[in-house]
Amino acid sequence: MKQRTWPGRSDGSRFLALSLSKIKGLKSKEEAKMPNRKPPSSSRPIRFTSRWSSPSPSPSSSDDHDFSGLPYDVLTKIAASFSLQNLRAASLVCKAWSEALKPLREAMLFLRWGKRFKHGYGGVRKNLDKALDSFLKGAARGSALAMVDAGLIYWELGHKDKAIALYHKAAELGDPAGQCNLAISFLNAEPPNRNEAVKWLYQASFAGHVRSQYQLALCLHQGQDVNCNIQEAARWYLKAAEGGYVRAMYNVSLCYSFGEGLVHNHRQARKWMKRAADRGHNKAQFEHGLALFSEGEMMRAVVYLELATRAGERAAAHVKNVILQQLSATSRDRVMLLADNWRALPSSR
């Protein structure tokens with residue numbers, strides 16, 4: 001599969017990046033003049049209370065906030081993207097929460113069975129229809145995770161309208177994967193709606209979703225229908241790369257190498273190129289192999305060039321063959337064995 005991840009350098013103009021730093025609150029002058037002023041009662045720490053536990057003898061217990069009265073629809077919306085572990089933990093807060101979250105706990109069971117049917121593990125045969133049925137049952141019980149998985153199957157089956165509807169619902173519930181998939185559907189639309197896509201990508205990116213961070217960086221880098229901002233794009237590439245996204249690692253290396261959005265730094269460029277190569281990025285394997293060749297590291301260069309060749313980089317094959325002619329038969333066998341036994345490091349792709 002072609003990994004064309006780097007936008008053309010002529011795309012768009014450059015703008016200053018928006019600040020991503022958090023704004024810290026400052027004390028007012030009146031507060032600074034009254035250091036002994038007692039805080040109002042509403043500033044007391046909020047503690048969860050449980051209807052299942054015995055009341056505390058503390059005289060201040062009557063002032064504590066009881067979250068068991070939180071409306072069911074608000075609670076289920078908050079918990080729509082919870083994992084099973086988090087749902088179980090939240091269900092222990094009080095009996096009211098346990099009852100309110102019961103549909104979502106049931107949804108997790110349907111989600112689990114859906115994944116088994118989709119991938120064919122856990123003692124069941126692969127069955128896409130049963131997987132979709134399980135995901136839809138989980139979605140009907142309010143699980144944003146199930147909505148996203150059902151949307152993925154609908155998308156694969158060509159029912160893109162149904163997929164987008166599920167992505168949109170999951171996105172509104174705050175699920176980062178749903179927000180990312182919804183954004184990508186806007187980018188793939190005819191014509192693309194990049195402004196709407198960027199809106200959802202920002203939300204998912206600030207939530208730490210690495211694929212969204214990478215896609216947002218691409219949009220800002222390309223600058224098509226949105227303001228081109230190379231500096232901010234580079235920062236989002238770096239954020240995604242630090243989160244383990246391989247394509248972002250490759251682009252971060254190019255940013256450092258060309259001095260686009262990041263200060264030119266050869267060492268950092270080499271570091272991120274190697275990280276991408278070690279995680280299976282074929283273009284990074286090719287370029288890292290070339291760098292090793294230029295430094296005289298023939299054996300190591302051939303390993304990366306062989307990996308790039310196997311991944312479809314035709315230009316790598318020519319350089320590899322030139323180096324192999326300079327190696328002994330024993331060395332050639334050795335590097336081929338290393339390539340055969342190579343395994344990519346874990347990544348979030």
Side-chain angles (χ1 to χ4, degrees), residues 1-9 11 119 148 152 176-177 179-181 183-184 187-188 197-198 201-202 204-222 230-262 265-293 297 300-317 319-320 338-349:
M1 182 178 68
K2 293 184 178 180
Q3 294 169 317
R4 187 178 179 183
T5 60
W6 188 253
R9 299 183 68 186
D11 292 340
H119 302 290
V148 172
L152 288 171
Q179 293 167 345
C180 180
N181 289 1
I184 291 173
L187 292 174
N188 291 331
V198 166
L201 287 173
Y202 265 115
S205 296
F206 281 117
H209 193 265
V210 292
R211 187 185 180 191
S212 297
Q213 293 168 347
Y214 170 74
Q215 291 292 339
L216 176 60
L218 278 181
C219 290
L220 295 171
H221 198 165
Q222 293 168 341
I230 304 298
Q231 286 75 22
E232 188 178 2
R235 287 206 296 273
W236 283 116
Y237 281 141
L238 184 58
K239 194 78 172 177
E242 291 171 344
Y245 204 76
V246 178
R247 294 181 182 181
M249 295 178 188
Y250 178 73
N251 283 12
V252 165
S253 175
L254 296 181
C255 285
Y256 277 121
S257 180
F258 297 135
E260 288 197 3
L262 296 171
N265 188 316
H266 179 70
R267 177 179 293 182
Q268 288 293 323
R270 286 294 306 275
K271 180 186 80 171
W272 284 109
M273 189 66 73
K274 183 179 186 304
R275 288 186 178 183
D278 288 340
R279 286 158 179 80
H281 194 287
N282 53 298
K283 291 184 180 297
Q285 290 169 341
F286 178 33
E287 296 192 28
H288 185 57
L290 290 177
L292 291 171
F293 174 51
E297 296 280 349
R300 293 176 60 200
V302 171
V303 173
Y304 284 100
L305 292 170
E306 173 64 19
L307 294 173
T309 301
R310 295 179 184 183
E313 289 294 323
R314 296 181 181 179
V319 182
K320 178 198 69 175
L338 290 173
D340 291 338
N341 293 331
W342 180 86
R343 296 293 181 272
L345 294 176
S347 69
S348 56
R349 303 309 296 173

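This chain uses plain numbering: 1 for the first residue, then up along the sequence.
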Closest heavy-atom pair, Ala233 versus Leu220, reported as atoms and distance to 0.1 Å, is CB-CB, 3.9 Å

For Ala308 and Phe286, the nearest pair of non-hydrogen atoms, with its separation, is CB-N, 3.6 Å

State, yes or no, whether a side-chain contact exists between Leu292 and Arg270 at a heavy-atom distance under 4.5 Å.
-> yes

Gln213, His221, Glu232 screened by side chain to side chain donor-acceptor pair (under 3.5 Å) with Tyr237, the one that passes = His221

Could you tell me which non-hydrogen atom of Trp272 sits nearest to which non-hydrogen atom of Ala241, and how far apart they are?
-> CZ3-CB, 3.7 Å

Apply side-chain contact (heavy atoms from CB on, under 4.5 Å) to the pair Tyr214 and Arg247, showing each step before the final yes or no.
-> CA-CA 8 Å; Tyr214 170 74; Arg247 294 181 182 181; 3.7 Å; yes

Return the orientation label for the Tyr304 and His288 ring planes: parallel under 30°, perpendicular over 60°, tilted otherwise.
-> perpendicular

So CG of Asn251 and NZ of Lys283: to nearest 0.5 Å the spacing works out to 11.0 Å

Gln285 and Gly280: which non-hydrogen atoms are nearest, and at how many Å?
-> NE2-CA, 3.6 Å

Report the residues that fulfil side-chain contact (heavy atoms from CB on, under 4.5 Å) with Val198, sequence neighbours left out, ordered by chain and then residue number.
-> Tyr202, Leu216, Cys219, Val226

With rounding to the nearest 0.5 Å, note down the distance linking CG in Leu187 to CG in Leu201.
-> 6.5 Å

For the atom pair CE (Met249) and CE (Met273), what is the distance rounded to the nearest 0.5 Å?
-> 12.5 Å

Heavy-atom closest contact (Val210 atom, Ala240 atom, distance) | O-CB, 3.6 Å

Could you give the distance from CD (Glu287) to OG (Ser257), rounded to the nearest 0.5 Å?
-> 8.0 Å

With sequence neighbours excluded, tell me which residues meet salt bridge (charged side-chain N to carboxylate O under 4.0 Å, His left out) with Glu306.
-> Arg310, Lys320

Locate the shortest heavy-atom distance separating Asp278 from Lys274; write the atom from each residue and the value.
-> OD2-NZ, 2.6 Å

Looking only at atom types and distance, does a side-chain atom of Glu313 sit under 3.5 Å from a main-chain N or O of Asn282, one as donor and one as acceptor?
-> no

Please round to the nearest 0.5 Å and tell me the distance separating atom CG of Leu338 and atom CZ of Arg300.
-> 11.0 Å

When rounded to the nearest 0.5 angstrom, what is the spacing between CD1 in Ile184 and OG in Ser212?
-> 7.0 Å

Is any side-chain heavy atom of Gln268 less than 4.5 Å from a side-chain heavy atom of Leu262?
-> no

Residues in salt bridge (charged side-chain N to carboxylate O under 4.0 Å, His left out) contact with Arg279, at least two apart in sequence or another chain = none

